[in-house]
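Read through the structure below, which is laid out as structure tokens, and then see the notes.
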Amino acid sequence: MILDSPRGIHVAIIMDGNGRWATAKGQLRTAGHIAGARTVKKIVEAAPDCGIGTLTLYAFSADNWRRPSREVGLLMRLFRRYLVSEVARCVTNGVRMRIIGRRDRIPAELLRAIVNAEQATRAGRTLDLRIAVDYSARDAIIRAAQAIDPVALSDPASARAEFAKVLAYVDHGIGESKDVDLLIRTGGEQRLSDFLLWECAYAELYFTRRMWPEFGPVDLSEAVQEFRSRERRFGTVPQAAAG
Ligand code: IPE
Ligand code: IPE
Ligand code: MG
């Protein structure tokens, strides 16, 4: 049996469906993003009680730069507002915040808020919150492949762990390997959209039609319960058939 790490499971969420949720209500897509930011606060607060030790949220993909500049601009402002307004609560609740992804294309004001939020929350031990902004799993894998010393890969027994460390490092994960236990995608699509491809090698996948603005703590708890009912085999045979 694979036990949860003492810090709890790693859940990653593709927060999808903001635009469709708003459009269905006759509102602008931007209203969906504003509502989506409120959902983030609720889910972060509920995560520790669900046994989650690490929560990685997909907020903005490298391909999302292709959206209309007004939408991109609003999203960047919302991220900044979220970071600035949530820092104090994160410190109180022991949430360590980290932003993963590229940083060289992020607006300067947002970058300052990122650095400040990471610095202010670095002592948090209850929840490791990672928010993916300008993130592409394939780009991260390429950058790790370019950065790694081939000597680190020469021992097959440790090559994967060494690569995972560099992968986390190139994306500002500060060298910690974070395999995903449960990947949730809201909004009804059933695809990964270039999110954590390496880290999800054995993740349990959970897709829900619920749009991100209407996803709540009860939905999160249901997803984790479903995860706990699954048998993870990691390539071996079912427990009952062993021995
Ligand atoms: C997810 O919602 C948020 C981001 C990608 C930033 P979408 O904006 O993709 O919403 P839909 O998928 O168009 O409904
Ligand atoms: C994935 O959603 C990225 C985020 C949720 C941040 P998209 O809405 O951009 O993905 P596709 O285009 O439907 O694959
Ligand atoms: Mg979408």
Side-chain angles (χ1 to χ4, degrees), residues 10-44 47 52 54-86 97-107 109-111 113-114 117 129-141 171-173 178 180 182-200 203 205-216 219-220 223:
H10 180 188
V11 172
I13 308 183
I14 301 176
M15 309 184 289
D16 197 21
N18 291 351
R20 277 165 289 158
W21 177 82
T23 309
K25 288 161 62 86
Q27 297 175 358
L28 294 173
R29 291 176 57 83
T30 49
H33 296 315
I34 292 166
R38 284 197 290 271
T39 300
V40 172
K41 292 179 196 173
K42 286 186 223 156
I43 294 304
V44 168
I52 298 170
T54 302
L55 180 65
T56 306
L57 302 175
Y58 204 4
F60 191 86
S61 75
D63 289 323
N64 287 149
W65 291 113
R66 299 161 68 192
R67 294 187 177 202
S69 62
R70 277 188 56 179
E71 182 169 341
V72 170
L74 175 103
L75 284 165
M76 295 298 148
R77 287 195 297 281
L78 276 179
F79 297 147
R80 184 173 168 276
R81 204 182 300 163
Y82 173 84
L83 294 175
V84 171
S85 72
E86 288 306 294
M97 225 197 266
R98 215 168 263 163
I99 281 40
I100 62 167
R102 276 178 68 163
R103 297 200 172 185
D104 54 319
R105 301 188 287 195
I106 300 284
E109 280 207 324
L110 174 58
L111 198 55
I114 288 173
L129 172 64
R130 311 184 328 147
I131 304 177
V133 178
D134 196 2
Y135 178 84
S136 155
R138 292 203 288 200
D139 285 355
I141 290 168
D171 254 339
H172 306 279
K178 295 274 184 192
V180 174
L182 168 64
L183 176 100
I184 299 170
R185 182 170 187 146
T186 61
E189 312 292 356
Q190 302 194 1
R191 53 178 172 254
L192 295 179
S193 302
D194 203 7
F195 190 42
L196 300 174
L197 299 181
W198 169 281
E199 295 85 344
C200 281
L205 308 182
Y206 183 92
F207 299 105
T208 167
R209 299 178 75 83
R210 210 172 272 275
M211 300 290 150
W212 179 248
E214 60 194 11
F215 188 83
D219 302 299
L220 179 67

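Atoms within each ligand, like the ligands themselves, are counted from 1 in listed order. Computation of the quantities below employed the complete heavy-atom set of this structure, encompassing side-chain atoms and omitting hydrogens, waters and symmetry-equivalent molecules.
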Start with the C-alpha gap between Glu86 and Val44, add the side-chain angles, then the distance that decides, and say whether side-chain contact (heavy atoms from CB on, under 4.5 Å) holds.
CA-CA 10 Å; Glu86 288 306 294; Val44 168; over 6 Å; no
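- You'll find the side chain of Leu196 reaches within 4.5 Å of the side chain of Arg130, heavy atoms only.
- Taking every heavy atom of His33 and a limit of under 4.0 angstrom, the matching atoms of ligand 1 come to 3 (C), 8 (O).
- Closest heavy-atom contact between Ala113 and Val84: CB-CG2, 4.2 Å.
- Looking at heavy atoms from C-beta onward, Trp212 lies in side-chain contact with Ile43 at the 4.5 angstrom threshold.
- Between Arg80 and Pro107 the shortest side-chain heavy-atom distance does not fall below 4.5 Å.
- Residues Thr39 and Asn18 have side chains not in contact (no heavy-atom distance under 4.5 Å, counting atoms from C-beta outward).
- The distance cut-off of 2.8 Å around the Mg ion (ligand 3) captures these protein N, O or S atoms, sorted by chain and number: Asp16 OD1.
- Ring geometry for Phe195 versus Tyr135: interplanar angle over 60°, hence perpendicular rather than tilted (30 to 60°).
- Atom NE2 of residue His33 and atom CD of residue Glu71 lie 3.5 Å apart, to the nearest 0.5 angstrom.
- Counting non-hydrogen atoms of other residues, nucleotides and ligands closer than 6.0 Å to CZ of Arg138 gives a total of 12 or fewer.
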Please determine whether side-chain contact (heavy atoms from CB on, under 4.5 Å) holds for the pair Leu83 and Ile99, giving the CA-CA distance in whole Å, both sets of side-chain angles, and the decisive distance to 0.1 Å.
CA-CA 10 Å; Leu83 294 175; Ile99 281 40; 4.1 Å; yes
One pair per line, please: each N/O atom of ligand 2 matched with every protein N/O atom under 3.5 Å away, atom names first, then the distance to 0.1 Å.
| from | atom 1 | to | atom 2 | distance (Å) |
| --- | --- | --- | --- | --- |
| ligand 2 | 8 (O) | Asp16 | OD1 | 3.2 |
| ligand 2 | 8 (O) | Arg67 | NH2 | 3.3 |
| ligand 2 | 9 (O) | Asn64 | ND2 | 2.9 |
| ligand 2 | 9 (O) | Arg67 | NH2 | 3.3 |
| ligand 2 | 10 (O) | Arg185 | NH2 | 3.4 |
| ligand 2 | 10 (O) | Ser193 | OG | 3.4 |
| ligand 2 | 13 (O) | Arg191 | NH2 | 2.8 |
| ligand 2 | 14 (O) | Arg191 | NE | 2.9 |
| ligand 2 | 14 (O) | Ser193 | OG | 2.7 |

